[in-house]
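Following: one structure in structure tokens, then a few remarks.
Index from 1, following the sequence.
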Amino acid sequence: MNELLTPWDRLRDRARDHWSALTWLRTVHVVAGLPIALLSSGVVIGLVAASVLLVWTVVVPVAALLLLTWAVPLLTRLQRARFQALLGVDIPGIHRRYGTRNPLKFLVRVARDGGTWRQIAYHLLAPLIGAVGFLGVVCGWAACLVAIPVAVRIWQVGGGWYALLPAGAALVLFVTVPWVARGVTALDVIAAEALLGPSRSDLLAERVESLRESRAEVVDAADAERRRLERDLHDGAQQRLVSLAMNLGMARTTLTDLPAPAHEVIVQAHEEAKQALKELRDLVRGLHPAVLNDQGLDAALSGVAARAPVPVMLRVEVPERVSPTIEAVAFFVVSEALTNIAKHARASRAEVRVLRRDRLLHVSVHDDGRGGARQDGGTGLRGLAQRVGSVDGRLSVHSPDGGPTTITVELPCE
């Protein structure tokens, strides 16, 4: 299609693009950039100077730096809005969670954040870019506008060919200023994207955080599904089996005058119903024990310790309940560990400790068995490690040959 255009058509299209609306938006961007840049740099330099010059007052520097941590993101948002509104350039924001209310710790964490220093660097660099742009673009357009009436005036007073000098200057400026505007805005966009936007490490950190939150949602959903299955089995199939076992027990007791084969069938059916009910209760308890939801970790682990085939000393110190997901992971760690002790350890006793310290839930299971347990030695410990890892926890196993064995788990409470 372009081959059908005449040279005049191509020239006209280029002229239209050269002086299009985007050129004037770039000019407005440059004009608006200088006062905003001067404001931003003035605020940054003023607050930093106040914190340095009045450092002996202690309170003023802290207040000035706290105000600076509030002002810098605000000024950054103002600059990003300028790029978005006038150039259509979307510069992503930098999202930070410093996780503390202590002002000194907050300042230390902000100071260690490279994104803060990159934003400050842009606000200090912006006046230079703004000044160059103002001189090149605004002064260029202004000179172009002044040169035209000067040329007309010289022509009117009989200056003759001397009028061509300002007229030619106006024409040159009219052609070159759009290129200057494009160059200045391109430089400004490069600096802004490099300093105001997230770095590669920031993007990776946000991606990791997003994946962590997605994984936590999946883990919570799976735990909620287990609780739903537990309720359905407990309220449905388990109650029906209880009723069936009771009816068979009554038939076994009362119908004694039946023939021996029929009575034997009833006895077998009764025993099978009781065994099925026991297995279903174990399955329900393994999915998610109801007592864990109702009474918490202490009561649930007390039931596990009471049913263990070896004596278990239990110590639980959790003043405040943690999230249901963390409670479920801690419960299954202890339950699976005690099951492994009963199957493989040949231990005479076990000790379980569950303690909450700050933001971590510490779980340890100790036995005096033969040892030799390895995370890569079977599916039991490997499955526990995977389940602990699903909530960003850590599992370690110390089990020399000959024993004893200690399984230690750290689970984040938040």
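- The distance from the CG atom of Leu75 to the CD1 atom of Ile36 is 9.5 Å, given to the nearest 0.5 Å.
- By the 4.0 Å N-to-carboxylate-O rule, Arg26 lies too far from Asp188 to be salt-bridged with it.
- Heavy-atom minimum distance, Leu384 versus Phe332: CD2-O, 3.8 Å.
- Residues Val310 and Arg349 form no side-chain contact, since every pair of their non-hydrogen atoms from C-beta on lies 4.5 Å or further apart.
- Although no hydrogens or angles enter the test, the distance criterion places a donor-acceptor pair under 3.5 Å between the side chain of Thr339 and the main chain of Ser335.
- How far CD of Gln79 is from CG of Leu196: 6.5 Å, rounded to the nearest 0.5 Å.
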Show the numbers, then the answer: is there a salt bridge (charged side-chain N to carboxylate O under 4.0 Å, His left out) between Glu336 and Lys343?
CA-CA 10 Å; Glu336 182 68 19; Lys343 288 182 179 180; over 6 Å; no
Tell me, with the steps shown, if Val89 and Ile91 meet side-chain contact (heavy atoms from CB on, under 4.5 Å).
CA-CA 6 Å; Val89 176; Ile91 300 176; 4.1 Å; yes
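- Between Leu187 and Val184 there is no side-chain heavy-atom pair separated by less than 4.5 Å.
- Screening Val363, Leu361, Val322, Ile326 for a side chain to side chain contact (heavy atoms under 4.5 Å, CB included) with Leu297, the sole residue that qualifies is Leu361.
- Counting all heavy atoms, side chain and backbone alike, Leu395 lies closest to Val397 at CD2-CG2, 3.6 Å.
- The CD1 atom of Ile407 sits 10.0 Å away from atom OG of Ser364, with the distance rounded to the nearest 0.5 Å.
- Counting only distance, with no hydrogens or angles, the side chain of Arg394 and the backbone of Ala385 share no donor-acceptor pair below 3.5 Å.
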Could you go through the side-chain contact (heavy atoms from CB on, under 4.5 Å) check for Val318 and Val354 one step at a time?
CA-CA 7 Å; Val318 185; Val354 182; 4.0 Å; yes
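- Among pairs with a residue in residues 28-48, those fulfilling ring-ring contact (aromatic ring centres under 6.0 Å, His included) read His29-Phe83, at least two apart in sequence or across chains.
- Here the CD1-CG distance, from Ile341 to Asp367, works out to 4.0 Å after rounding to the nearest 0.5 Å.
- The aromatic rings of Trp24 and Trp141 sit tilted, their planes meeting at an angle between 30° and 60°.
- In this structure, a donor-acceptor pair under 3.5 Å is absent between the side chains of Ser41 and His123.
- For the pair Arg353 (side chain) and His362 (backbone), a donor-acceptor distance under 3.5 Å is absent.
- Rounding to the nearest 0.5 Å places CZ of Arg118 at 10.0 Å from OG1 of Thr76.
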Would you check, one step at a time, whether the test side-chain contact (heavy atoms from CB on, under 4.5 Å) holds for Glu317 with Arg357?
CA-CA 9 Å; Glu317 294 183 6; Arg357 295 292 182 267; 3.5 Å; yes
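- Remark: the backbone N or O of Ala347 is not paired with any side-chain donor or acceptor of Asp368 at under 3.5 angstrom.
- Under a 3.5 Å cut-off, the side chain of Ser399 and the backbone N or O of Thr405 do not form any donor-acceptor pair.
- Residues Ala64 and Leu47 share a closest heavy-atom pair of CB-O, 3.7 Å.
- Between Ala191 and Ile129 the shortest heavy-atom distance is CB-CD1, 4.0 Å.
- Between the side chain of Arg356 and the backbone N or O of Glu320, at least one donor-acceptor pair lies under 3.5 Å.
- Minimum interatomic distance between Ala71 and Val43 (heavy atoms only, all atoms of both residues): CB-CG1, 4.0 Å.
- Between Leu173 and Cys144, the closest heavy-atom pair is CD1-N, 3.7 Å.
- Here the CZ atom belonging to Arg77 is positioned 9.5 Å from the CD atom belonging to Gln119, to the nearest 0.5 angstrom.
- The environment of Arg321 atom CZ is dense: over 12 non-hydrogen atoms of other residues, nucleotides or ligands sit within 6.0 angstrom.
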Does Ile45 form a side-chain contact (heavy atoms from CB on, under 4.5 Å) with Leu124? I'd like the steps, not just the answer.
CA-CA 8 Å; Ile45 294 174; Leu124 296 178; 3.7 Å; yes
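- Applying the salt bridge (Lys or Arg N to Asp or Glu O under 4.0 Å) rule to Arg346 yields no partners; only residues at least two apart in sequence or on another chain are considered.
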